[in-house]
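Worth knowing before you read on, the calculation uses all heavy atoms, side chains too, and leaves out hydrogens, waters and symmetry mates. First listed ligand is number 1; within each ligand, the first listed atom is number 1. Since we're looking at a predicted model, the values are computed, not measured.
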Amino acid sequence: MKNNFNDMSVEEFRKNGFKLVNWIADYLKDIEKYPPLSQVNPGDILKRIPQTPPQSGEDIEKVLNDVDKILMDGITHWNHPGFMAYFNSTSSAPGILAELLSAALNTNGMLWKTSPAFTELERSMMNWFRQMVGLPENYWGIIYDTASTSSMHAIASAREQLNLGFREKGMTGRNDVPRLRLYCSEHAHSSIDKGAVTLGIGLEGIRKIAVNEKFEMIPEKLEVAIKEDLSNGWKPFCVVATVGTTSTTSIDPVEEIAAICEKHNLWLHVDSAYAGVTAMIPEMKWITKGWERADSIVINPHKWMFTPMDLSIYFTRKPEVLKRAFSLVPEYLKTKQDDEVENLMDYGIQLGRRFRSLKLWFIIRYFGVEGLAARIKNHIDLAMEFAKWIDEEKDFERMAPVPFSTVCFRFNPGSKTEDQLNKINERLLEEINASGKLFLSHTKLNGKYAIRLTIGSIRHKRRHVVDAFNLIEELARS
Ligand SMILES: *Cc1c(COP(=O)(O)O)cnc(C)c1O
């Protein structure tokens with residue numbers, strides 16, 4: 001039937017395109033009909049998919065129908081307002097439209113020449129976003145897929161800045177280079193460890209600095225660690241400060257850490273993947289104290305700016321170091337414009353790149369900076385309200401301060417050992433997540449099991465937070 005070597009006909013595309021857009025519109029309208037957390041067992045979805053591919057083509061309608069029949073039970077709905085686990089990335093309609101357009105244009109922004117509008121829109125969006133979060137003009141930005149990738153590039157730049165010839169000679173089999181040391185708090189994200197593993201720093205090359213009772217890095221301990229390492233022959237080269245840690249959203253004191261980095265000439269990377277977008281809100285500007293002294297910063301619009309996966313922004317004051325680390329131009333990629341344009345392939349590990357800046361263009365223009373800031377501010381207000389209810393309820397205990405929109409708490413009816421409390425709260429979380437109404441996550445704080453609730457979905461309204469509190473209370477009491 002389909003052996004004429006053509007793509008789907010324009011008529012067929014139009015018909016099914018409308019059908020899919022209608023499906024998406026209904027999905028977003030009716031999302032609360034689904035459970036936020038998929039309730040299937042491992043292998044359930046796999047069983048429904050034929051083990052061998054079809055030899056001849058099928059109707060696209062059949063495939064679209066199978067989305068409901070085969071996949072939907074196995075979808076955990078990140079867009080669901082009952083999804084308050086992790087940092088709950090949600091998409092928004094303008095972001096979905098931009099993704100569709102990006103797939104249709106299918107442009108690859110490896111070089112300026114391979115799509116001038118790609119490179120220039122990304123440059124503009126980085127400039128817009130830089131202003132939105134109040135960074136100075138000397139910050140240059142680029143879009144990567146995730147914060148893990150952004151931070152890996154930060155650590156690679158820090159390593160390049162040492163000028164130890166790693167690019168040419170590598171790191172192994174040499175006795176002329178010391179072992180490198182990177183510092184971050186005990187609460188830094190695991191992506192920092194992964195970046196260090198990837199880059200040959202090794203897990204032993206990471207020194208975790210202790211935190212205070214608010215889970216913030218203690219700068220004095222950082223200073224002591226650096227001095228100790230220096231006297232033992234290590235080469236300190238990078239510090240990662242986290243603004244909005246993953247467990248409790250605590251804020252490392254960037255200003256004090258920056259002073260230590262300047263003194264010892266270390267690269268300072270600020271990981272603000274989740275919380276960085278709050279810098280758009282005038283009342284939250286304080287979180288960026290000291291950022292102008294950082295060498296690099298990562299912020300993820302795909303976390304709390306209603307951007308479909310994936311889109312992470314990496315800002316640096318030293319793009320030339322990034323370029324030195326990664327630029328490698330084979331003959332076939334040389335162009336006449338190389339001297340006057342920016343080729344994005346020079347600034348990272350990947351050659352091909354998706355047209356992600358379209359999502360920022362659609363989202364920022366549709367909601368406006370004030371609209372985005374107001375939504376994010378509302379989430380913080382709702383989280384503060386939820387935290388207050390926890391504080392006022394005598395059998396509940398708040399486990400960490402709430403600077404943003406994430407609340408760590410536990411059920412503590414009194415006269416129980418820590419061990420019993422851990423088990424009770426683990427069980428409570430299981431029941432919450434099996435309810436089909438709410439999905440929360442957990443963490444451990446000083447050995448204590450804590451349930452974690454995050455507000456940040458574009459679909460979060462006050463009633464969802466009220467419902468969540470009532471459900472948690474009801475399940476805890478039973
Ligand atoms: C989520 C998060 C990350 C990892 O983000 P990805 O984009 O999934 O790689 C890193 N650091 C912090 C602080 C985060 O909140």
Side-chain angles (χ1 to χ4, degrees), residues 76 78 83-91 95 129 133 141-156 182-199 206 208-209 211 215-217 238-254 257 268-279 284 287-288 291 294 296-315 348-350 353-354 356 359-360 376 379-380 383 400 402-408 441-443 445 452-457:
T76 287
W78 287 70
F83 190 120
M84 299 183 181
Y86 315 119
F87 290 132
N88 49 350
S89 317
T90 61
S91 67
F129 196 82
V133 294
I142 187 165
I143 300 175
Y144 295 125
D145 53 0
T146 58
S148 305
T149 302
S150 295
S151 292
M152 194 277 285
H153 285 90
I155 301 168
L182 174 149
Y183 307 83
C184 59
S185 95
E186 296 164 339
H187 279 256
H189 190 264
S190 52
S191 58
I192 305 307
D193 305 56
K194 269 201 193 179
V197 167
T198 308
L199 292 162
I206 302 174
K208 300 267 165 99
I209 306 300
V211 294
F215 309 103
E216 303 160 344
M217 189 196 286
C238 183
V239 179
V240 178
T242 312
V243 174
T245 57
T246 311
S247 278
T248 70
T249 73
S250 60
I251 302 169
D252 290 337
V254 174
I257 294 170
L268 173 58
H269 176 58
V270 173
D271 179 0
S272 196
Y274 151 74
V277 293
T278 64
M284 296 299 291
I287 68 150
T288 64
W291 283 20
S296 56
I297 297 167
V298 56
I299 302 174
N300 275 4
H302 79 217
K303 277 223 168 114
W304 196 1
M305 212 181 85
F306 325 126
T307 307
M309 287 290 291
D310 44 21
L311 202 162
S312 175
I313 298 179
Y314 178 72
F315 283 117
I349 183 117
Q350 63 187 105
R353 43 177 59 238
R354 305 182 58 220
R356 294 190 179 88
K359 289 189 273 193
L360 291 179
I376 295 166
H379 296 155
I380 297 175
V402 181
F404 300 106
S405 69
T406 300
V407 185
C408 293
S441 55
H442 78 281
T443 185
L445 300 172
R452 223 175 135 278
L453 175 142
T454 297
I455 298 161
S457 165

Q: May I ask you to check if Arg452 and Phe87 form a cation-pi contact, with NZ or CZ under 6.0 angstrom from the six-membered ring centre and within 45° of the axis?
A: yes
Q: With heavy atoms under 4.0 Å as the rule, classify the contact between Asn300 and ligand 1 as side chain, backbone, both or neither.
A: side chain
Q: Please state which part of Ser148 comes within less than 4.0 Å of ligand 1, counting heavy atoms only: side chain, backbone, both or neither.
A: both
Q. To the nearest 0.1 Å, how far is atom 15 (O) of ligand 1 from its closest protein heavy atom, and which atom is that?
A. Lys303 NZ, 2.8 Å
Q. In the protein, what heavy atom is nearest to atom 4 (C) of ligand 1, and what distance, to one decimal place, separates them?
A. His189 CE1, 3.4 Å
Expected output: side-chain [X] to main-chain [Y] donor-acceptor under 3.5 Å:
| X | Y | result |
| --- | --- | --- |
| Asn88 | Phe83 | yes |
| Ser89 | His302 | yes |
| His187 | Glu216 | no |

Q) Of the options Thr249, Thr246, Thr406, which is the one that meets Tyr274 in a side chain to side chain donor-acceptor pair (under 3.5 Å)? A) Thr406
Q | N-O pairing of Asp145 and Arg354 below 4.0 Å | A | no
Q. Looking only at N/O atoms, are Ala147 and ligand 1 under 3.5 Å apart anywhere?
A. yes
Q.
So for ligand 1, is Asp271 a polar contact partner (N or O within less than 3.5 Å, distance only)?
A. yes
Q: Examine ligand 1 and decide if any of its atoms is less than 4.0 Å from a heavy atom belonging to Ser312.
A: no
